[in-house]
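Let me begin by presenting the structure, written as structure tokens, before commenting on it.
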Amino acid sequence: MPELPEVETIRRDLLQLVRGRTITDAFISPNAPRLVQIIAPADFCRGLTGRRIEDVDRRGKYLLFRVARGLTWAVHLRMTGRLLHNPAEPDGPYVRAHFRLDDGARIVFVDLRKFGTMWLVDDESLVIGALGPEPLGESFTLALLSGLLARRSAPVKAVLLDQTAIAGIGNIYADEALFAARINPRRPADSLSRPAARRLHAAIQEVLLTALGDRGSSFRDYLDPSGREGGHHLKVKVFRRTEEPCYDCARPIKRIKLAGRSTHFCPKCQR
DNA sequence: CGTTACCTGAAA
DNA sequence: TTTCAGGTAACG
């Protein structure tokens with residue numbers, strides 16, 4: 001569910017709430033058998049208990065809790081995962097894991113669809129080793145994006161969604177970035193002109209930064225650790241605006257299936 | 001490369 | 001009843 005702006009919002013909030021705290025108890029629900037990867041849930045809980053949270057990082061859509069003695073507790077929320085801090089109802093029907101901290105606070109992992117995953121590893125490359133560069137990082141240059149596009153004949157939207165190409169872009173912000181860059185999502189990546197690649201590079205950063213400023217988008221399930229919605233879904237230009245008028249040309253936004261995902265675009269403005 | 005599976009619901 | 005859902009791994 002959450003993409004880079006949502007996961008980064010969660011990271012920033014949780015950093016303030018849990019840094020320096022020690023995990024005093026960990027619980028994985030038996031109805032979430034696929035939640036913990038690689039090791040058994042009991043070993044995961046034993047491994048986390050008693051450990052201090054030293055930092056909270058993010059890579060792509062992964063949250064990385066740096067805990068004592070070099071271990072990383074990694075979390076991927078997939079479609080419907082939430083990490084809530086002291087929620088009003090800590091025993092709701094979709095609670096898949098919970099963690100008690102030494103200040104009495106509770107971190108609750110809620111996930112309707114059970115796609116979310118967690119790891120406890122000493123080598124983070126096991127989890128995030130294959131990810132491409134951070135689109136808001138220094139290494140994400142125009143030259144890098146152009147090189148990426150030139151090597152792929154797939155539709156440009158499929159490349160934006162490929163986490164090994166660029167880390168953190170999902171279905172909302174792929175559609176929004178392609179609209180901002182006026183590029184048709186079906187265009188083969190290697191067919192983009194130099195100016196089009198330049199527009200796309202700027203659009204990716206602008207769209208992600210704006211959404212981050214709005215604390216993400218809450219179309220359906222996304223809530224921050226305090227249970228609040230983001231604000232960016234109120235500002236999208238094409239995502240889930242099928243048959244509504246394009247803000248630039250007033251013609252209806254169209255929806256197609258691409259790379260297995262619903263894809264929204266303006267056929268007149270995006271070529 | 002584009003489908004299919006993983007889950008559970010909400011919306012059409 | 002059918003389709004759709006901020007994701008991604010595993011298929012063919």
Side-chain angles (χ1 to χ4, degrees), chain A residues 1-11 29-38 58-63 74-83 92-97 109-119 126-132 135 151-178 185-191 204 207-208 210-212 214-224 228-243 255-264:
Chain A
M1 136 245 228
E3 308 180 27
L4 188 153
E6 292 79 26
V7 179
E8 178 62 15
T9 299
I10 294 169
R11 184 194 74 79
S29 168
N31 75 5
R34 302 158 168 278
L35 173 55
V36 175
Q37 303 289 298
I38 305 175
R58 179 192 56 75
R59 220 12 212 105
K61 302 172 191 171
Y62 293 82
L63 278 166
V75 179
H76 196 302
L77 302 169
R78 301 291 168 113
M79 295 288 263
T80 56
R82 295 172 180 165
L83 274 175
Y94 309 119
V95 170
R96 311 299 180 194
F109 177 69
V110 178
D111 185 17
L112 187 152
R113 290 175 76 181
K114 301 189 196 177
F115 292 168
T117 40
M118 296 184 184
W119 298 254
L126 273 175
V127 179
I128 58 166
L131 291 181
R151 280 185 273 113
R152 305 279 300 267
S153 58
V156 58
K157 172 161 177 184
V159 176
L160 294 185
L161 291 176
D162 178 353
Q163 303 298 298
T164 70
I166 307 169
I169 300 175
N171 209 30
I172 301 174
Y173 303 114
D175 283 3
E176 292 299 307
L178 287 165
R186 284 183 286 214
R187 279 274 298 278
D190 59 6
S191 77
I204 288 168
V207 161
L208 292 176
T210 303
L212 185 53
D214 293 332
R215 298 178 55 81
S217 303
S218 293
F219 280 95
R220 186 189 281 260
D221 297 296
Y222 170 70
L223 297 176
D224 73 20
R228 297 169 299 206
E229 296 190 342
H232 193 72
H233 55 288
L234 302 171
K235 296 191 189 172
V236 293
K237 306 276 201 344
V238 290
F239 188 76
R240 294 206 198 168
R241 296 197 60 247
T242 310
E243 298 303 326
R255 180 164 72 94
I256 60 171
K257 198 72 117 175
L258 195 53
R261 314 296 302 279
S262 275
T263 296
H264 314 76

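Within every chain, numbering begins at 1; the chains are lettered A, B, ... in the order of the sequence lines, protein sequences first and strands thereafter. Computed from a predicted model, the values in this text were never measured in an experiment. Values below: all heavy atoms of this structure, side chains included; hydrogens, waters and symmetry mates excluded.
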Produce the list of close N/O pairs, under 3.5 Å, pairing protein atoms with atoms of nucleotides 8-12 of chain C; give distances to one decimal.
unit_1 : atom_1 : unit_2  : atom_2 : d
C:dT8  : OP1    : A:His76 : NE2    : 3.0
C:dT8  : OP2    : A:Lys61 : NZ     : 2.8

What nitrogen or oxygen pairs link the protein and nucleotides 9-12 of chain B at under 3.5 Å?
unit_1 : atom_1 : unit_2  : atom_2 : d
B:dG9  : OP1    : A:Tyr94 : OH     : 2.4

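With a 4.5 Å cut-off on side-chain heavy atoms, A:Asp111 and A:Leu77 do not count as touching. For the pair A:His233 and A:Tyr222, the minimum side-chain heavy-atom distance is 4.5 Å or more. The shortest side-chain heavy-atom distance between A:Glu176 and A:Val238 falls under the 4.5 Å cut-off. In this structure, the side chains of A:Val110 and A:Arg96 stay at 4.5 Å or more apart for every pair of heavy atoms. Side-chain contact check for A:Tyr94 versus A:Thr80: every heavy-atom pair is 4.5 Å or farther apart. A:Ile256 is listed as a side-chain neighbour of A:Arg186, based on a closest heavy-atom distance under 4.5 Å. Considering only heavy atoms from C-beta on, A:Leu126 stays 4.5 Å or farther from A:Trp119 through its side chain.
Under a 4.0 Å N-O distance rule, the pair A:Arg152/A:Asp162 qualifies as a salt bridge.
Regarding A:Lys257, its NZ atom lies at a distance of 13 Å from the P atom of C:dG7, rounded to whole Å. Atom CD1 in A:Ile172 sits roughly 7 Å away from atom P in C:dG7 (whole-Å rounding). In this structure, A:Lys235 atom NZ and C:dG6 atom P are separated by 21 Å, rounded to whole Å. Separating the CG atom of A:Asp175 from the P atom of C:dG6 is a distance of 9 Å, rounded to the nearest angstrom. Rounding to whole angstrom units, CD1 of residue A:Ile256 and P of B:dT3 are separated by 12 Å. Counting to the nearest Å, the P atom of B:dC7 and the CG atom of A:Asp221 are 17 Å from each other. Distance A:Asp111 CG to B:dC7 C1': 9 Å, rounded to the nearest Å. A straight line from CD of A:Glu8 to P of C:dG6 spans 22 Å, rounded to a whole angstrom.
Remark: the separation of the C1' atoms in B:dC1 and C:dG6 is 24 Å, to the nearest Å. Nucleotides C:dC11 and B:dC7 place their P atoms 15 Å apart, quoted to the nearest Å. Spacing between B:dA10 and C:dT8 at atom C1', rounded to whole Å, works out to 22 Å. For the C1' atoms, the distance from C:dC4 to B:dA5 is 16 Å, rounded to whole Å.
With distances taken from any side-chain atom of A:Glu3 to the nucleotides B:dC7, C:dG7, C:dA5, the minimum falls on C:dG7. Taking every side-chain heavy atom of A:Lys114 into account, B:dT8 is the closest of C:dG7, C:dA5, B:dT8. Taking every side-chain heavy atom of A:Arg240 into account, C:dA5 is the closest of B:dT8, B:dC6, C:dA5. Each of B:dC6, C:dG6, B:dC1 was ranked by its minimum atom distance to the side chain of A:Arg152; first place goes to B:dC1. Here the nucleotide nearest the side chain of A:Phe219, chosen from B:dC1, C:dG6, B:dC6, is C:dG6.
Classification of B:dG9 as anti follows from a glycosidic angle more than 90° from 0.
Annotation: of the two residues near DNA chain B, A:Pro155 and A:Arg34, the 5′-most nearest-nucleotide partner is A:Pro155.
Looking at heavy-atom distances under 4.0 Å, A:Ser262 makes contact with sugar-phosphate atoms alone, never a base. At a threshold of 4.0 angstrom between heavy atoms, the contacts of A:Pro93 with the nucleic acid are absent. At a threshold of 4.0 angstrom between heavy atoms, the contacts of A:Tyr173 with the nucleic acid are absent.
Within the shown strands, nothing qualifies as a pairing partner of B:dC7 under the Watson-Crick or G-U definition with both distances less than 3.5 Å.
In summary, the side chains of A:Arg215 and A:Thr9 do not present any donor paired with an acceptor at a separation below 3.5 Å, with no hydrogens or angles considered.
The side-chain contact (heavy atoms from CB on, under 4.5 Å) test with A:Tyr173 is passed by exactly one of A:Leu208, A:Thr210, A:Leu161, A:Leu4: A:Leu208.
Taking the six-membered ring for Trp and thresholds of 30 and 60 degrees, A:Phe219 and A:Phe239 have ring planes more than 60 degrees apart, a perpendicular arrangement.
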